Amino acid sequence: KMIGTIISGISVLIAFVALLKSFFSDRKTKQFDLRLKQIELARKEKESEESKMASVEVNVVETARKQANKLRFYNKGKAIARNIRFNIPSDDEANGIQLHMPNDYLPYPQLLPLHSFDIPYLDLSDSPHQTIVITWEDDFSKDRKVEMVVDM
């Protein structure tokens with residue numbers, strides 16, 4: 001009889017330990033699952049935000065010797081950029097950089113993702129680099145800006 005009581009006590013103890021282990025394991029699993037869902041939600045929110053953002057940048061396209069080089073503005077974002085404009089604040093000389101475009105060319109109305117437009121220019125300045133500030137609008141925000149330094 002004594003052995004039966006000991007065995008049943010051990011069985012109850014083992015069942016209790018298994019129940020505690022199951023409870024804590026289930027709790028950890030639920031916390032882990034909640035964390036994974038939060039990460040997935042943050043990723044989807046970021047993707048949704050990025051889908052509304054254009055990203056306009058510029059680089060210099062060198063052409064044949066007797067032709068003007070070009071400033072190529074391109075949209076590497078996922079949304080349409082609208083009302084694109086730029087200035088070159090580092091060009092402090094009166095006519096250091098001469099842009100060849102009509103006066104009403106800017107703001108450029110819209111630039112689709114992965115598209116570009118070119119503006120021919122002549123660089124008469126002494127500086128090898130210029131700072132170009134590009135401003136645009138997209139579905140994410142108005143007056144988005146990027147400042148880039150380019151070798152001209």
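Please read all numbers here as calculations on a predicted model, not as lab measurements. All residue numbers in this chain count up from 1 along the given sequence.
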Within this structure, what is the [atom1]-[atom2] distance for the pair [X] and [Y], rounded to the nearest 0.5 Å?
{"X": "Gln38", "Y": "Arg43", "atom1": "CD", "atom2": "CZ", "value": "15.0 Å"}
{"X": "Lys37", "Y": "Glu40", "atom1": "NZ", "atom2": "CD", "value": "11.0 Å"}
{"X": "Ile39", "Y": "Lys44", "atom1": "CD1", "atom2": "NZ", "value": "14.0 Å"}
{"X": "Met53", "Y": "Phe140", "atom1": "CE", "atom2": "CZ", "value": "4.5 Å"}
{"X": "Ile84", "Y": "Trp136", "atom1": "CD1", "atom2": "CH2", "value": "9.0 Å"}
{"X": "Ile80", "Y": "Leu111", "atom1": "CD1", "atom2": "CG", "value": "9.5 Å"}

When clusters are formed by joining ILVMFWY residues with side-chain heavy atoms under 4.5 Å apart, either directly or through shared neighbours, do [X] and [Y] land in the same one?
{"X": "Met148", "Y": "Leu99", "answer": "yes"}
{"X": "Ile97", "Y": "Val133", "answer": "no"}
{"X": "Tyr105", "Y": "Ile132", "answer": "yes"}
{"X": "Phe16", "Y": "Phe23", "answer": "yes"}
{"X": "Ile119", "Y": "Leu112", "answer": "no"}

Which pair of non-hydrogen atoms, one from [X] and one from [Y], has the smallest distance, and what is that distance?
{"X": "Asn69", "Y": "Glu62", "value": "OD1-CA, 3.3 Å"}
{"X": "Ser51", "Y": "Ala79", "value": "O-CB, 3.4 Å"}
{"X": "Ser116", "Y": "Tyr74", "value": "CB-CB, 3.7 Å"}

Please check: side-chain N/O of [X] versus main-chain N/O of [Y], any donor-acceptor pairing under 3.5 Å?
{"X": "Asp138", "Y": "Ala54", "value": "yes"}
{"X": "Asp151", "Y": "His129", "value": "no"}
{"X": "Thr29", "Y": "Ser25", "value": "yes"}
{"X": "Thr131", "Y": "Val149", "value": "no"}

Quick one: does [X]'s side chain get under 4.5 Å of [Y]'s, heavy atoms only?
{"X": "Gln31", "Y": "Leu36", "value": "no"}
{"X": "Phe117", "Y": "Arg72", "value": "no"}
{"X": "Arg82", "Y": "Pro109", "value": "no"}
{"X": "Lys76", "Y": "Ser55", "value": "yes"}

Quick one: do the Glu137 and Asn83 side chains pair a donor with an acceptor below 3.5 Å?
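Yes, because at least one side-chain N or O of Glu137 sits under 3.5 Å from a partner of the opposite role on Asn83.
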Atom CD1 of residue position Ile3 - does it have more than 12 heavy atoms of other residues, nucleotides or ligands inside 6.0 Å?
no
Using the side chain to side chain contact (heavy atoms under 4.5 Å, CB included) definition, which of the options Val58, Leu106, Thr135 pairs with Phe86?
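So, applying the side chain to side chain contact (heavy atoms under 4.5 Å, CB included) to Phe86 and each of Val58, Leu106, Thr135, only Leu106 qualifies.
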Test ring-ring contact (aromatic ring centres under 6.0 Å, His included) on Phe73 and Tyr108 and set out the steps.
CA-CA 10 Å; Phe73 293 86; Tyr108 196 82; 8.9 Å; no
Taking Arg85 first and then Asp143, would you say they form a salt bridge - that is, a charged N and a carboxylate O separated by under 4.0 Å?
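Yes, Arg85 and Asp143 are salt-bridged.
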If a pair satisfies side chain to side chain donor-acceptor pair (under 3.5 Å) and one of its residues is in residues 2-19, list it, with sequence neighbours excluded.
none
Using the rule given for salt bridge (Lys or Arg N to Asp or Glu O under 4.0 Å), can you reason through Asp33 versus Lys28, listing the C-alpha separation, both sets of side-chain angles and the distance that settles it, and then say yes or no?
CA-CA 8 Å; Asp33 190 43; Lys28 270 188 175 181; over 6 Å; no
Tracing side-chain contacts under 4.5 Å among Ile, Leu, Val, Met, Phe, Trp and Tyr outward from Ile14 reaches Met2, Ile6, Ile10
Go through Val60 and Lys70 one step at a time and tell me if the side-chain contact (heavy atoms from CB on, under 4.5 Å) criterion holds.
CA-CA 6 Å; Val60 173; Lys70 297 175 184 177; over 6 Å; no
